[in-house]
Structures are given as C-alpha cells and as structure tokens.
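In what follows, every chain begins at residue 1, and chains take the letters A, B, ... in the order their sequences are listed. Keep in mind that the numbers below use all heavy atoms, side chains included, and drop hydrogens, waters and symmetry copies.
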Amino acid sequence: MINISFPDGAVRPYDSGISPMAIAKGISEGLAKKVIAASINGQVKDASTPITNDASLKLLTWDDTDGRNTFWHSSAHLLAEAVEATFPGVKFWVGPAVDRGFYYDMDLGDQTISESDLLALEKKMDELARKNSVFIRKEISKSDAVSYFFEKGDEYKLDLLKGLQDGEITFYTQGEFTDLCRGPHIPHTGLIKAIKLTSVAGAYWKGDENNKQLTRVYGITFPTQKELDEHLLMLEEAKKRDHRKLGKELGIFTFDDDIGPGLPLWMPNGTIIIEELENLAKQTETAAGYKRVVTPHIAKESLYLTSGHLPYYQESMYPPMELEGVKYYLKAMNCPHHHKIFSAESRSYKDLPLRLAEYGTCYRYEQSGELFGLMRVRCLHMNDAHIYCSKDDFAKEFRAVNEMYIKYFKIFGIEKYVMRLSLHDPAKLGQKYIDEPELWIETENMVRKVLIESNIPFVEVPDEGAFYGPKIDVQIWSAIGREFTLATNQVDFAQGKRFGLEYTNKDNHAETPLIIHRAPLGTHERFIGFLLEHYAGKFPLWLSPVQVKLLPISDKFNDYALSVNKQLLEAGIRSEVDDRGEKIGKKIRDTELMKVPYMLIIGEKEVTDGTVSVRRQGKGDAGQCSVSEILSTLTAEISNRQSN
RNA sequence: GCCGUUGUAGCUCAGUGGUAGAGCACUUCCUUGGUAAGGAAGAGGUCUGGGGUUCAAUUCCCCAUAACGGCUCCA
C-alpha cells in the first residue's frame, strides 16, 4: 500500500501501481471523464502513470494551466496525424502548446499548406479525434528510435534525438501517428471536441534565420464547442479594441504609401493627444527638476562612432546622406545629442544631477516585416531624458525615476504590466555588451537593490540588457496579445567615458558621471497605440480630442448652442457644435460612436431656462444643469486628469 | 529580411475574361425632429503600380509595392 496526499490535505491509502485515472474513477466517474493529466509530486505526467511510492497528487483538468497545456500539446499531435494523412512525406519538427493553443512546425518539401487547406485539416482532425484514439506511451532505446526516424527519412527528429540520452527517450502513438515526445498526453483524442486552426506561417528551424524555413500551423482546441465559440467571440472583441482600427475610426493617425512604411501621419485628433501627453510630461519633469532641451534630427557619423552605436546598430538606422564628403545620419536615439549638451559647459558636482529632457524625434529603420500599426514604427517621438549623476546619487535618482513610472501608470490606470530587469550575458562581453565585467555586476546589483527596496515586483531576464548597461523594461500586451516594451529605464556606465564627460568633484578631481536613460511614457507612437487599446478608444476627458459636443435639437437652437460653445472654448475646453440638419437621435448616435465624453443637448427647454442637458458617453441622460455648473464640472475633471 | 495571405469609392466589403456595385460617409433638397440610424436626389473608382498571355485583363500569369498573420530582429 502507498499513501497519496491530495491538494486539500487529505491522505488516502491505495494499492501500489495505481494510476491517477484509476484514483479519479474511484472518486467519481464524472471527475474521471474530465481528467486530462496528473501532477505527481509536482511533475506533470500521463493520467495512466502507475504510482508506486507515496506521493502528492493533483488531478489535472481543463481548468489547470498544466492541464490545458497538455490538452493543446496532444492537439498538436492530432494536427500532425491529420497533416501526415493529407500530405504524405511530411517531416515534423516540434509541436508545443503556447499561451493560447498550439502549433506544429513541419517541412512539407515541395508541397504548401495555404489557409484554404486549414478547413479540410480541421475536418480531418475532427474525424480522427472522434476515433477516441488512446495516446500510448512507449519507452524506446536510442538506437531503435534513430533507426525508426532514419527509415522515415526525418532528419529533424534525428537532430532532436542527438540531444537525448538512452533511457529518457519515449514515443507516443495515437491512431496512425507516432512521435518522439516526452509527453505527457491526454488519455485519448476523444476529449478534443472543438478544433480551430487559426493560421499558417513560416518559422525558421530552431528560430535561426540562417536555417531553413519550416511551415508552422497554429491552432486552438477546446473540450466543448461552447468554449471555442466564446474564444472566437473574445477574439472578435479584441479586434474592436485594435488600435489600428480605432485609430482610423477616431481620426487619430494614418499611413500613406507616398510617405512611407512605418511613418505615421498624426491627424488633428491624434495631435491633441500628443500635446496633452507632452504637457503632462513637461509638468511632471519640471517638478522633478528636469531641464528641457531641443536637438536636431540628424548628426554626423562621427557622433555615432563616438557613442558606439554605429558598429552595433547601423542596420537599424536609415542609411546616411553624404554632403561635402561628410556622412550624416538621421538620429535613432537622442542620447549622444544630450551628451554633447552636457559637455558643452564645464560641470561641477554642484550641477549634478543634471537631468536633460526632450520629446526627441528618432528614426529607426525597422525590418519591414516588423512594422505593426503604431506599436512598431520607423519615426518615433520619445519621452526621453538623460540624468547625469554621481555614483552616490545613483540609487536616489534611479528610485525617483521608478516612482515617476508608477505615478504615470496610476494616472492612466495601467495595471497589467511586468517590470523586467534586463541583464547582460557574460559570454557576450565585448560583442553585444561593453566589455566591463565588474561594472556590469555592480550596476546590476544597484538596480536590483533599488527595485527590491521600492517593493516593485519584477522579473529578471538574462541577455536583454542595452549594450551600455542593464535596464528595466516595462512590458505590456496589445489587444491581440502581442508583447511590447512600453517604457524603459536604463543604466549607462559606458557612454560617459566614451564621450569624455566629466565633472569636477568636491576634491577638485575630474570624474565621469553615470547616466540614466529613461522614457516612462515610451514613445508617443507606442504609448498612444497602447492607450487606444487600453481605453478601447474611450479616452478620459483630459485626453479626449473632442471633449464636448453640443447637440441642438433643431437648427432653431443653433445660435444658443454656438454661444455656449464660445464659453466652453474660452474656458479652454475642446468643444464643437453639431449643426447638421439631423435628428437628435442621429446626432447622439454619431457622437457616441466617436466616443466623445460629454454631449450637451440643447432644445426649447434649455434655451428658455438658460441650461444644457448633459449626457455622458455610454451612460445616457444625466439631467439638466446650468452652463456655469457644467463649466466647473468639466474644468475640474480636466485639471485633475481624472480617469473615467 | 524570410514564409504565407490580401490589395475594388473616404470607410467596410460584394463582384466579373467584354473598362464595375452595396451600405455607411460626403453634397444638395425636403423634414424642425427630445436622448444610439427620418426621407429623396446627386457626386465620387487608371479596380495598388509595372510587365506578360489574350481580339479583349480589375479578373489569368510574372515582378514590384503596401498592409495583414507569423518567424527573425528590436538601442
């Protein structure tokens, strides 16, 4: 007999060799039907695994992340089975579960799968699933495994086998399909009730762009059709929030073939948002002791040789223009320009920390395939600043910057983000990273300490640092689930030296300052793209391009509406009159769709009483009030930068 | 940059080997209407660009370009 302990703390005796599935059946048939896999002593295993020692057991169902991942991984095998039946001779690489679903990478030789084939594959998968094929696990010797795939002519699996030891190799077979796989898998294919193949794409073998490109088919599956329908509905909803769609509908930005890819045109409504964000930044930075500067969009090659950017990042810069034998580059970053402002005057420790801020315009030649709405562009406006400080001041300055981040995130109600401490990889010193091993360790420790002391949750990732130092990136997700760095806060112990930046310390010696690069609001492009999705286009009043729309019931009341409008405009409120010859229902509908926060309706009653009728976007009629009342409501809400 | 898909009116999209259509938006007129779409008329397109096949190409083929879905990249 062995003792099995359950998540609720219960411990029960069972015969040695019993499987989690058998245990589930002992509890209830209903549970057994739902069991996908089992976590035995914290390890995810097949539900059929015999347990021979005392163990802790958690039966995994669709409701567990590990359960879902197993379900999707098995679905990838089912996809492979369907593909093999449809495209003979196909060779498979790997087919893991991902955040939402799964994929399988394959080499189809001369054949291609197009999106129109996906429906047929779905049908085939469905047909195979309904056979309730059991996933059979088999331990196999390395030599047998090699000869199996050698005969099949599958060099990809042979490559996988190279990295595996005898004794740890297992095959899984369901129906006609056998795969090299460590598992675990769901009990049988019949659990997969709803299947959707979402897309087909190219993917480099082993993620290396020098390797052959394989075909990747993405899909998602569910235990019930209802859940698939809900998932598809959710995707539809996400699409409505997509900043590319909203940006067009709300007149925020546009792209034009004659301007160029990745070069957004900011329309009047978008420009208002830009200006409001800049006002916020200026106000916040001035209060925090920053000084504003302005620098040109281009600079000579020599500047980027000094900074060290050119050898590292030339490919990401627009090619130079040559004038009188001198090469000029469009700036891809503002830091070298700011360093030159630092060095333009002699500096004393009394001048530090010196904080230079600029909403700098940068141009980056991003790869064409990477451009993505406003989130990844080639012309960007960075909420940039560089803080030059002594080592002693570093922690205080770095903490103040982090506090500014948090303050901003509170204003915008940003809750879903991850702070990522990006470190260097010692193996890449001198290539990807400045070759200063001790300084790396020292500054990384300084940053980590600040984060811990400020109680900011963060994750550490190796090999993500800037070439001049470690950084903190704030990661966010777009409506369609793509991850982006929204903002960044970087330490730089290299450029000060490269630019020969110096200040005179108390002992009358020259010292090189540490530099903090920071951009809490990221770039206008990415930040506004993010805000569009974050607010689903319903900006808070202070950011709304149009804050108030006056809606006269008929043109008889246009004059009164215009006079109210004048008062609002004079109070600095962005207000417009809808004087079209439309009915009030139509005017309200159009204004609602444009997501204008306040509608003021004006008819006979209002003109007589000298009032307006207030309607808040999405909330309906809020009753009558006087013009002075609504004025003070609006101005208060705007100046507080109140969120909705 | 690579693989795949797509490109028709300002927007969303039908459609066809014989030079094009809907809804919304726009203009004008009628309607003067009280909290999410009143009615009528009109204007608007080198069917992304360039080549090819064909008596004839928006439609079929090739190239370019842009967007989209991924991969790779991301100071």
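Between Leu380(A) atom CG and C74(B) atom P the separation is 16 Å, expressed in whole Å. If you measure from atom CD1 of Ile588(A) to atom C1' of G38(B), you get 15 Å, rounded to the nearest angstrom. Taking atom CZ on Arg526(A) and atom P on C74(B), their separation rounds to 13 Å, with Å as the unit. Between Lys549(A) atom NZ and A36(B) atom P the separation is 17 Å, expressed in whole Å. The nearest whole Å value for the distance from the CD atom in Glu315(A) to the P atom in C2(B) is 13 Å. Taking atom CG of Leu374(A) as the reference point, atom P of A67(B) lies 13 Å away to the nearest angstrom. Taking atom OH of Tyr433(A) as the reference point, atom C1' of A75(B) lies 12 Å away to the nearest angstrom. Atom CH2 in Trp93(A) sits roughly 15 Å away from atom C1' in C71(B) (whole-Å rounding).
Rounding to the nearest 0.5 Å places CD of Glu122(A) at 7.5 Å from CD1 of Ile195(A). Between atom CG of residue Leu214(A) and atom OH of residue Tyr103(A) there is a gap of 10.0 Å, rounded to the nearest 0.5 Å.
Across C63(B) and U19(B), the matching P atoms stand 29 Å from one another, rounded to whole Å. Look at the P atom in both G17(B) and G1(B): the space between them is 35 Å, to the nearest Å. Of the P atoms belonging to A22(B) and A40(B), the separation is 14 Å, rounded to the nearest Å. With both ends at atom C1', the span from U65(B) to G15(B) equals 25 Å, rounded to whole Å. Spacing between G21(B) and A14(B) at atom C1', rounded to whole Å, works out to 7 Å. Separating the P atom of G50(B) from that of G44(B) is a span of 22 Å, rounded to the nearest Å.
The aromatic ring centres of Phe222(A) and His231(A) sit less than 6.0 Å apart. Ring centroids of Phe342(A) and His386(A) are separated by 6.0 Å or more, keeping the two rings apart.
With a 3.5 Å limit on both pairing distances and Watson-Crick or G-U wobble geometry required, the stems of 3 or more pairs in RNA chain B span B:1-7 with B:65-71, B:10-13 with B:21-24, B:26-30 with B:38-42, B:48-52 with B:60-64.
Contact annotation: Thr215(A) does not reach the phosphate of C3(B) (side-chain N/O to OP1 or OP2, under 4.0 Å). Applying the 4.0 Å criterion to OP1 and OP2 of A25(B), one finds that Lys586(A) has a side-chain N or O inside that range. At C74(B), none of the side-chain N or O atoms of Arg378(A) fall inside 4.0 Å of OP1 or OP2 (strictly under the cut-off). For C71(B), the OP1/OP2 oxygens have a side-chain nitrogen or oxygen of Tyr218(A) closer than 4.0 Å. The phosphate of C68(B) (OP1 or OP2) has a side-chain N or O of Arg244(A) nearer than 4.0 angstrom.
For Tyr313(A), the side-chain contact (heavy atoms from CB on, under 4.5 Å) partners are His309(A), Phe467(A), not counting sequence neighbours. Shown here are the side-chain hydrogen bond (donor to acceptor under 3.5 Å, both in side chains) partners of Glu155(A), two or more places apart in sequence or in another chain: Lys91(A). By the side-chain hydrogen bond (donor to acceptor under 3.5 Å, both in side chains) test, Lys212(A) pairs with Asp107(A), sequence neighbours left out.
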Given protein heavy atoms under 4.0 Å, the one-letter contact record of nucleotides 26-34 of chain B, with B base, S sugar-phosphate only and - none, is simply ------BBB
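Counting atom types as modelled, Arg376(A) pairs a side-chain N or O with a base atom of C74(B) as donor and acceptor under 3.5 Å. Side-chain atoms of Tyr204(A) stay outside donor-acceptor range of the base of G70(B), with no qualifying N/O pair under 3.5 Å.
Here the nucleotide nearest the side chain of Gln213(A), chosen from C3(B), C74(B), G1(B), is C3(B). The side chain of Met317(A) has A75(B) as its nearest neighbour among C71(B), U35(B), A75(B). For Tyr313(A), counting side-chain heavy atoms from C-beta on, the closest listed nucleotide (C71(B), A75(B), G4(B)) is A75(B). Closest contact between the side chain of Val200(A) and the listed nucleotides G4(B), A36(B), A75(B) involves G4(B). Out of U35(B), C73(B), G69(B), the shortest distance to the side chain of Gln367(A) is found at C73(B). Of the candidate nucleotides U12(B), C71(B), A75(B), U12(B) has the atom lying nearest to any side-chain atom of Lys248(A).
Geometrically, Arg378(A) does not engage Tyr363(A) in a cation-pi contact, judged by NZ or CZ lying under 6.0 Å from the ring centre and within 45° of the ring axis. With Tyr598(A) as the aromatic partner, Arg615(A) does not meet the cation-pi criteria of under 6.0 angstrom to the ring centre and within 45 degrees of the ring axis.
Residues Leu330(A) and Tyr365(A) have side chains not in contact (no heavy-atom distance under 4.5 Å, counting atoms from C-beta outward).
For the pairing with Phe484(A), the ring-ring contact (aromatic ring centres under 6.0 Å, His included) check across Phe372(A), Phe530(A), Tyr417(A) returns one residue only, Phe372(A).
Among all heavy-atom pairs drawn from Ala561(A) and Leu550(A), the shortest one is O-CD1, 3.4 Å.
Both Val614(A) and Ser316(A) sit near RNA chain B, but only Val614(A) has its closest nucleotide nearer the 5' end.
In the region residues 254-263 of chain A, proximity to RNA chain B at under 4.0 angstrom, judged on heavy atoms, holds for Asp257(A), Pro261(A), Gly262(A).
The environment of Lys432(A) atom NZ is dense: over 12 non-hydrogen atoms of other residues, nucleotides or ligands sit within 6.0 angstrom.
Arg526(A) places a side-chain N or O within 3.5 Å of a backbone atom of Met375(A) that can act as its donor or acceptor partner.
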